[in-house]
Every structure is written in structure tokens, then in C-alpha cells.
Amino acid sequence: MRFINRRAFLKTTAATAAFAAVPLKETLFPQRSNPQAHNPIAIASGNGPKALEKAMELMRQGSDALDAVVAGVNIVEDDPEDTSVGYGGLPNEDGIVELDAAVMHGPSYRGGGVAALRNIKNPSRVARLVMERSKHVLIVGEGALRFAKAHGFQEENLLTDKAREAWLKWKENLSTQDDWLPPHTIDDRGVGSMYRDYFRYYGTIHCSALDQNGNLSCVTTTAGLAFKIPGRVGDSPILGAGLYCDNEVGSAGSTGLGEANLLNCSSVMIVEWMRQGKSPDEACLLACKRINDRCREKRLQDEEGRVNFDVKFYAINKKGQYGGASIWSGGEYLIHDGAGVRKVEFPYLFRRK
Ligand code: ASP
């Protein structure tokens with residue numbers, strides 16, 4: 001196992017100048033671990049305190065990590081106040097809620113997902129059924145809805161008044177705040193809207209857990225990018241992009257601009273970096289750096305050539321060590337290691353002004 005030497009790491013990064021602005025001591029590579037070895041641990045995005053409580057309660061009773069994380073995120077999917085996930089999620093540009101979700105089960109090395117699923121508020125449960133009750137890994141759109149109904153899920157209107165009013169406001173104020181682009185080259189700036197100043201796209205829940213038996217599993221579930229082009233699929237239901245789990249190594253997932261993870265296969269990269277010996281923090285920071293280094297589209301960059309959007313990562317390894325990272329400073333993830341839910345500030349690539 002070779003831990004990256006901080007000096008060598010900084011030398012190799014193309015974003016050295018910006019990286020050096022990060023307060024290194026606070027943010028680079030502390031070994032965060034579960035103090036009570038072999039005890040369950042779960043990590044989630046900032047909107048997941050109740051999900052973590054539930055997941056931990058179940059794992060303490062002996063539940064498998066997948067049962068625990070799915071039961072946890074179901075609480076958030078059911079919550080109309082969370083406009084990023086499940087019931088009450090912000091709709092696509094036609095005002096229709098379309099949900100994406102996927103699960104991965106470490107001990108059986110299986111996974112399943114659904115994308116652009118309408119009218120079913122718990123896409124994570126349907127994703128799990130795709131894994132357990134079909135020969136497929138991913139089912140989308142109309143087919144996903146029919147699959148869910150065949151398994152007894154009830155269709156319901158997922159659009160709450162709160163989400164509909166937000167959509168109407170967006171619709172009534174359309175300018176460049178949509179996802180259509182005119183003809184352009186990768187060198188054109190100011191095409192479409194800037195993601196960083198976008199009020200509209202954040203939100204998803206990811207949850208990864210290590211259970212009492214030392215098994216890992218994860219789930220990511222979302223309403224996706226708000227006011228997206230109908231049929232748009234983000235990273236959340238795509239194994240390797242919005243989540244990935246290898247029972248021998250670790251589990252990882254993401255929230256933020258899904259297109260960046262689709263292009264960079266970030267979650268599987270994080271797991272592979274952990275396999276090579278990187279800590280969860282290191283691996284998540286490398287994923288942030290990979291996205292920034294490989295971006296060539298000027299419309300997605302600020303004046304200093306840094307990506308103008310954010311992506312956040314969450315990871316735990318087989319030893320119960322955990323970590324995360326975000327491209328831009330200022331966010332927190334949640335961890336439950338038995339002593340309650342705690343917020344942890346993300347290590348980051350660039351400091352927000
Ligand atoms: N990753 C999600 C997506 O692109 C959105 C988010 O996490 O905010 O669909």
C-alpha cells in the first residue's frame with residue numbers, strides 16, 4: 001500500500017496553483033476511521049441525517065448494509081419537503097417528475113438501477129427489484145414504470161404544489177436557464193447558463209454503509225437535474241458513475257453535476273484508487289481533480305480555467321475508514337459511526353470566493 005506523498009501529489013497536479021490555496025493540514029488526507037472497529041458505519045450526503053439514523057438502527061439489529069441504506073433513503077424519498085429526491089422532487093422541463101436511482105450490493109456483487117421513472121416515489125426500491133427480480137441491471141422510462149407496477153407499486157402524482165410552483169417560476173422566467181445549447185465550439189464561453197450560480201440543480205441522496213458482517217452496499221436516488229430535458233438520465237442510476245461498491249475494497253457515490261461523473265466514471269475510479277491504497281479522502285479528491293483536469297469546454301470553466309460547477313463524493317473502505325471531497329469548498333457530508341450523526345467538512349479542490 002503506497003500513500004501518496006503530499007509533495008509528489010502537488011507536483012503532479014495540473015491544478016497545482018489552485019490546489020496550493022487549500023489549507024493543506026485541514027483538508028488533505030487525514031485518516032478518518034470508525035473508532036469501534038467491526039461496528040457498522042454509514043456515510044451520506046448532507047440531506048441524509050434521518051437516512052443514517054435508520055440505516056444504523058437496522059444494522060445494529062443485524063441488517064445487511066443494502067437493507068439498511070435503502071430503508072434509510074426511503075425516508076428522504078417519501079419526504080415532500082426534500083425537492084431533490086422522490087415525492088416532491090423538482091420536475092423536468094415539462095413539469096413531470098422523473099426519478100433515477102441505483103443500488104449495489106457488495107456481498108453478491110450485483111447491482112440494479114432505474115432511470116427516468118415517473119409516478120413511483122421510491123425508485124431505490126424498484127432499482128433493488130431490477131437487481132433481484134430481473135436478469136437486467138438497468139431499466140428506464142415506460143419499461144421501468146411497468147416493471148414497478150408489475151411488482152405492486154402504486155402510481156401516484158409526485159408533483160407537489162411546492163415543486164410545481166418552483167417549476168412554474170422557472171418556466172415563466174426562461175432565459176438561458178435551461179439545458180438546450182445553440183451551435184457552439186468547445187472554446188465558446190457564456191453559452192448556456194453557468195452551473196455554479198445555478199439555483200436549480202443540486203440535490204440527490206447517496207448512502208454507503210458497512211454492516212456488522214463487514215459487508216458493503218450503497219444506493220443513490222434522485223429527481224435529477226431540476227427542469228432537465230425530458231428523458232435526461234444523470235449519473236445516479238449508472239453504476240460506476242453515481243455510485244460503485246466492491247465488497248473487497250470500499251463503496252463510493254456522488255451528488256452534483258451528473259454529466260461530469262458520466263464522463264469520468266468517478267465512483268468506480270474512487271473504488272479503484274482505494275484498492276491501490278488511497279484513503280477515502282485522497283480517492284475522492286483525485287476524482288475531483290480528474291473532472292477538473294479533463295474539462296475542455298470553456299462554457300463550463302471560470303476565468304481561471306476551473307470548472308464552474310460542483311461535484312461531491314462520499315466513500316468508505318472495507319476497514320471502516322471514511323472520507324469525501326468536493327470540487328468547491330463549503331459543503332459537508334454526514335457520517336454515522338455508532339456515536340450519532342456528525343457533519344464533516346469536505347476536503348476540496350478550490351476555495352469558493
Ligand atoms: N447527480 C444528480 C444528477 O446529475 C444531481 C445532483 O446530485 O444534484 O442527476
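We're numbering straight along the sequence, starting at 1. Atoms within a ligand are numbered from 1 in the order they appear, just like the ligands themselves.
- Using a 4.0 Å cut-off between charged nitrogen and carboxylate oxygen, Glu155 and Lys149 count as a salt-bridge pair.
- Within the listing of ligand 1, atoms 9 (O) sit less than 4.0 angstrom from a heavy atom of Gly224.
- In this structure, Lys50 does not pair ionically with Glu53, as no charged nitrogen and carboxylate oxygen lie closer than 4.0 Å.
- Between Phe313 and Cys288 there is a side-chain heavy-atom pair separated by less than 4.5 Å.
- Some N or O of Thr204 is nearer than 3.5 Å to an N or O of ligand 1, by distance alone.
- Here atom 4 (O) of ligand 1 lies nearest to Arg232 when heavy atoms of Lys228, His206, Arg232 are compared.
- In plain terms, the two heavy atoms of Leu58 and Ala68 that are nearest each other are CD1-CA, 4.0 Å.
- In the candidate list Gly256, Gly258, Gly234, Ser236, Gly256 is nearest to atom 1 (N) of ligand 1, counting heavy atoms.
- Under a 4.0 Å criterion applied to the non-hydrogen atoms of Thr255, ligand 1 contributes the atoms 7 (O).
- Residues forming a salt bridge (Lys or Arg N to Asp or Glu O under 4.0 Å) with Glu98 (at least two apart in sequence, or on another chain): Arg118.
- For ligand 1, the atoms closer than 4.0 angstrom to any heavy atom of Leu225 are 9 (O).
- Polar contact with ligand 1: absent for Glu259 (N/O pair, distance under 3.5 Å).
- Asn215 and His105 share no side-chain donor-acceptor pair at under 3.5 Å.
- Considering backbone and side-chain N/O of Asp100, none are found under 3.5 Å from N/O of ligand 1.
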